[in-house]
Chemist: 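Provided herewith is a single structure, encoded as structure tokens, for subsequent inquiry.
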2 protein chains.
Amino acid sequence: MATMEEIAEKAGVSQATVSRVINGYQGVSEKKKKLVMDWARKLDYQLNMTAQSLKNNKSYLIGLIISDISNPYFAEIVHAVEKEATRNGYNIIICNTESNIQREKEAINSLRSRQVEGILLVPANKNAAHLRSLQQKNLPVVVITQFSKLFTSVAVDHVKGSELIIKHLVDLGHTKIGYIGPDKYSGCKEDKFEGFKKGIKNSNLNLDSDYIIKTAGGLPELSSQDVFKKVTSFLKTSDKKIATAYFAYNDLAAFEAIKAFEDFGYEVPLDIAIAGFDNTSLSKINRPSLTTISQPIKTIGHLAFEILLEKISKSESDTESIVLSPSLIIRDSTLMYEKINK
Amino acid sequence: MATMEEIAEKAGVSQATVSRVINGYQGVSEKKKKLVMDWARKLDYQLNMTAQSLKNNKSYLIGLIISDISNPYFAEIVHAVEKEATRNGYNIIICNTESNIQREKEAINSLRSRQVEGILLVPANKNAAHLRSLQQKNLPVVVITQFSKLFTSVAVDHVKGSELIIKHLVDLGHTKIGYIGPDKYSGCKEDKFEGFKKGIKNSNLNLDSDYIIKTAGGLPELSSQDVFKKVTSFLKTSDKKIATAYFAYNDLAAFEAIKAFEDFGYEVPLDIAIAGFDNTSLSKINRPSLTTISQPIKTIGHLAFEILLEKISKSESDTESIVLSPSLIIRDSTLMYEKINK
DNA sequence: ATGAAAGCGCTAACAG
DNA sequence: CTGTTAGCGCTTTCAT
């Protein structure tokens with residue numbers, strides 16, 4: 001690839017002048033400017049951002065650490081972030097961790113080594129020790145899709161969202177309401193489970209552990225395959241007590257659960273109501289379409305990037321975490337209790 | 001961030017020695033080695049890859065240009081590529097083009113500027129002029145998920161895959177077989193449509209244009225929302241002739257189509273058989289589960305990266321394009337013609 | 001075994 | 001207006 005030096009040689013000017021032209025500084029004679037531009041085009045010149053970064057100590061690069069990009073929900077996050085980054089002249093380096101702490105550590109080191117200006121992070125484990133040390137380094141970090149005590153975070157209130165779902169199910173007349181999902185999230189409490197319990201309590205119902213189908217938390221990919229198996233094996237037990245409505249902790253899990261129930265001859269929503277969480281684009285398309293909680297993905301991507309950019313420019317910024325409101329999307333997968341086949 | 005210079009100062013050695021230790025060269029006394037390592041740890045040293053890249057003219061960075069990362073199929077591709085890249089010490093920069101030629105051009109320039117060692121590309125338009133010029137520059141490029149005449153490509157044979165679907169539908173006894181999808185792909189022929197026609201011909205059926213529901217090609221995201229609308233408006237026409245089986249050009253389109261048909265009171269597969277293409281993870285979960293064509297996504301990601309790496313090391317490599325075999329996955333969305341409600 | 005020094009491609013004073 | 005020069009953090013050759 002051509003360098004400024006080569007252009008300078010061809011155009012008979014100094015390399016500094018080439019730099020001035022390329023970067024659009026004023027104070028270069030029109031004649032030389034044109035000469036340089038022509039040669040740049042002719043030699044198919046491309047600025048070497050590596051050199052520029054080194055010199056300016058500015059990379060226009062941010063890191064995006066995500067647990068599982070093959071989950072449509074995260075894919076949409078990546079989409080939103082990439083769009084916003086491009087609009088601001090940034091590129092993003094993606095690191096997929098599979099919710100593995102070790103890989104997350106490696107990703108962080110790798111990104112630091114690449115001189116990224118900041119990191120957008122979906123943590124594998126909210127209170128892993130290495131996050132504390134990351135906090136010490138003066139590298140801007142914004143946690144997304146989860147609440148964080150250590151970093152500024154942009155996320156929907158998962159507890160409140162779950163409560164909304166439960167309230168909706170109660171409003172439909174359901175009293176036997178179950179939960180399908182993990183009860184903890186790599187060591188921490190799973191907010192959606194907390195919201196579920198809170199919702200049950202608010203409605204003066206009793207928490208019945210028979211209605212809770214626990215699945216593996218942590219590895220999204222694995223756990224999502226896990227839901228089908230767990231529900232299926234639950235349905236195979238002889239002494240089972242089945243709820244009339246279930247809240248599955250995310251859309252993917254809901255899809256799997258619906259599949260499992262229907263394979264056993266239950267119809268959703270005619271026999272059992274099922275709701276999800278995320279409002280992925282597929283929740284609308286699925287049969288039945290899924291009642292779920294909408295997370296404003298574009299807003300999350302947008303805001304998170306904006307905040308990160310602000311942190312990058314003002315090194316002392318101490319933004320409050322942003323808690324976005326979840327909203328209930330009612331579709332076909334949940335039905336009035338009265339209408340249910342009994 | 002600490003530099004080698006600072007470590008050198010603290011440890012009382014030259015910066016060159018620090019470099020030797022950090023890079024694990026032999027020929028440094030154990031004593032100094034330990035000294036340097038200790039200080040490196042103490043100062044939380046991270047190699048500056050920007051500087052290293054500049055010096056070595058090697059970035060360990062590859063670009064991944066994709067049309068639409070929110071399509072689960074591409075998300076899985078990204079997943080596979082990222083995994084392979086990390087395993088080889090590379091990072092990837094993701095560029096989403098929305099199938100927009102202009103954005104693709106910008107992405108290519110941006111990546112060249114970043115000194116990526118190679119590009120994995122899902123082209124927005126196979127024969128766009130700028131790809132010809134990209135071919136001239138000596139930057140390794142591997143096209144994925146599509147066949148390419150200009151670059152080495154790794155993809156499933158779309159024509160053959162489509163023929164498999166049609167053959168399957170014919171084997172089920174269907175004679176009125178339709179196609180839902182674009183007939184061309186930003187200027188070029190859409191291989192799946194070609195495969196559809198070929199399949200119809202092979203089975204000695206007549207190509208009936210009434211059975212073809214054309215949708216927008218090009219922008220995956222838009223076109224996928226388009227399918228629902230197009231099928232719906234087709235079903236609203238009074239003089240419609242409906243096929244008994246439809247091949248939708250990808251899974252997402254198939255989901256939308258199923259949704260549209262069912263909204264109009266048709267049951268899939270009881271009234272109408274529908275098949276897709278891609279075998280995304282959701283095709284198994286969907287109700288009804290989707291008959292589709294499996295693309296070996298992990299293999300594509302794996303192979304493409306491997307080939308790219310080879311091109312990077314041997315600058316003159318001229319690998320043949322790899323055409324992978326599609327395979328038919330039969331699920332619930334297609335049923336014997338005899339069993340269909342008439 | 002180790003230090004000094006050149007240079008990767010670029011930017012930004014500084015001098016003229 | 002434009003050229004000269006120093007230097008970003010690193011690797012590597014050449015002395016010693």
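Each chain gets a letter, A, B and so on, in the order the sequences are listed, and its residues count up from 1. All values derive from a computational prediction rather than experimental measurement.
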Chemist: For A/Asn56, which contact category applies under a 4.0 Å heavy-atom criterion: base, sugar-phosphate, or nothing?
Modeler: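 Counting heavy atoms under 4.0 Å across all strands, the contact made by A/Asn56 is with sugar-phosphate only.
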
Chemist: Rounded to whole Å, how long is the line connecting atom CD of A/Glu6 with atom P of C/dC8?
Modeler: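 Distance, rounded to whole Å: 11 Å.
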
Chemist: Please report, rounded to the nearest Å, how far the P atom of D/dC8 is from the CG atom of B/Leu47.
Modeler: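 These atoms are roughly 17 Å apart.
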
Chemist: Let me know the distance between CD of A/Glu30 and P of D/dC1, rounded to the nearest Å.
Modeler: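 Those two atoms, CD and P, are 9 Å apart.
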
Chemist: Over how many whole Å does the gap from A/Ile7 atom CD1 to C/dT11 atom P extend?
Modeler: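 Interatomic distance, CD1 of A/Ile7 to P of C/dT11: 11 Å.
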
Chemist: Can a cation-pi geometry be assigned to A/Lys58 and A/Tyr60, taking NZ or CZ under 6.0 Å from the six-membered ring centre and within 45° of the ring axis?
Modeler: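 The answer is yes, since A/Lys58 meets both limits relative to A/Tyr60.
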
Chemist: Starting from C1' on C/dG9, measure out to NZ on A/Lys58 and report it in whole angstrom.
Modeler: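 A/Lys58 atom NZ is separated from C/dG9 atom C1' by 19 Å.
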
Chemist: From CD1 of B/Ile22 over to C1' of D/dT11, roughly how many Å is that when rounded to an integer?
Modeler: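 Value for this atom pair: 13 Å.
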
Chemist: Output yes when at least one side-chain N/O atom of B/Thr50 is less than 4.0 Å from OP1 or OP2 of D/dC10, else no.
Modeler: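 For B/Thr50, the contact criterion (side-chain N or O under 4.0 Å from OP1 or OP2 of D/dC10) is not met.
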
Chemist: Among C/dG9, C/dT11, D/dG9, which nucleotide has an atom closest to any side-chain atom of A/Asn23?
Modeler: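 Ranking C/dG9, C/dT11, D/dG9 by closest atom to the A/Asn23 side chain puts C/dT11 first.
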
Chemist: Hey, which sits more toward the 5' end of DNA chain C by its nearest nucleotide, B/Thr17 or B/Ala51?
Modeler: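 In this pair, the answer is B/Thr17.
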
Chemist: Would you mind classifying the nucleic acid contact of B/Ser19 as base, sugar-phosphate or nothing, using non-hydrogen atoms under 4.0 angstrom?
Modeler: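 Base contact.
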
Chemist: From C/dA1, D/dT4, C/dG9, pick the nucleotide closest to the side chain of A/Ser14?
Modeler: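 For the A/Ser14 side chain, the nearest candidate turns out to be D/dT4.
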
Chemist: Less than 4.0 angstrom from a charged side-chain N to a carboxylate O is my criterion; do B/Arg103 and B/Glu106 meet it?
Modeler: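 Salt bridge between B/Arg103 and B/Glu106, a charged N being under 4.0 Å from a carboxylate O: no.
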
Chemist: Measure from the side-chain heavy atoms of B/Gln52 and tell me the nearest of C/dT11, C/dG9, D/dT11.
Modeler: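 Minimum distance to the B/Gln52 side chain belongs to D/dT11.
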
Chemist: Below 4.5 Å, heavy atoms only, C-beta onward: do B/Ser281 and B/Glu76 meet side chain to side chain?
Modeler: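 SC-SC contact between B/Ser281 and B/Glu76 confirmed.
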
Chemist: Assess whether a salt bridge exists between B/Lys34 and B/Glu30, defined as any Lys/Arg side-chain N lying under 4.0 Å from an Asp/Glu carboxylate O.
Modeler: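 Here B/Lys34 does not pair with B/Glu30 in a salt bridge, since their nearest N and O are not under 4.0 Å apart.
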
Chemist: With respect to the phosphate group of D/dG9, does any side-chain polar atom (N or O) of B/Tyr45 fall under 4.0 Å of OP1 or OP2?
Modeler: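 False: B/Tyr45 side-chain N/O out of range (4.0 Å or more) of D/dG9 OP1/OP2.
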
Chemist: Counting only heavy atoms from other residues, nucleotides and ligands, does the tally under 6.0 Å from CG of A/Asn57 exceed 12?
Modeler: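 12 or below, so no.
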
Chemist: Want to settle it: does A/Gly27 or A/Asn57 sit nearer the 5' end of DNA chain D, counting the closest nucleotide to each?
Modeler: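 It is A/Gly27 whose nearest nucleotide is closer to the 5' end.
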
Chemist: On DNA chain C, check which nucleotide each of B/Lys33 and A/Lys55 is closest to and give me the residue with the more 5' one.
Modeler: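 It is B/Lys33 whose nearest nucleotide is closer to the 5' end.
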
Chemist: Does A/Tyr25 have a side-chain nitrogen or oxygen under 4.0 Å from the phosphate oxygens OP1 or OP2 of C/dT11?
Modeler: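 It does not, given that no N or O in the side chain of A/Tyr25 lies less than 4.0 Å from OP1 or OP2 of C/dT11.
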
Chemist: Please give, in whole Å, the distance from D/dC8 P to B/Asn48 CG?
Modeler: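 In whole Å, D/dC8 P and B/Asn48 CG are 12 Å from each other.
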
Chemist: Strictly below 4.0 Å: does A/Lys32 bring a side-chain N or O up to OP1 or OP2 of D/dT2?
Modeler: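 Yes, A/Lys32 has a side-chain N/O under 4.0 Å of OP1/OP2 on D/dT2.
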
Chemist: Quickly work out the A/Glu5 CD to D/dT5 P distance and round it to whole Å.
Modeler: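 My rounded result for the distance is 13 Å.
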
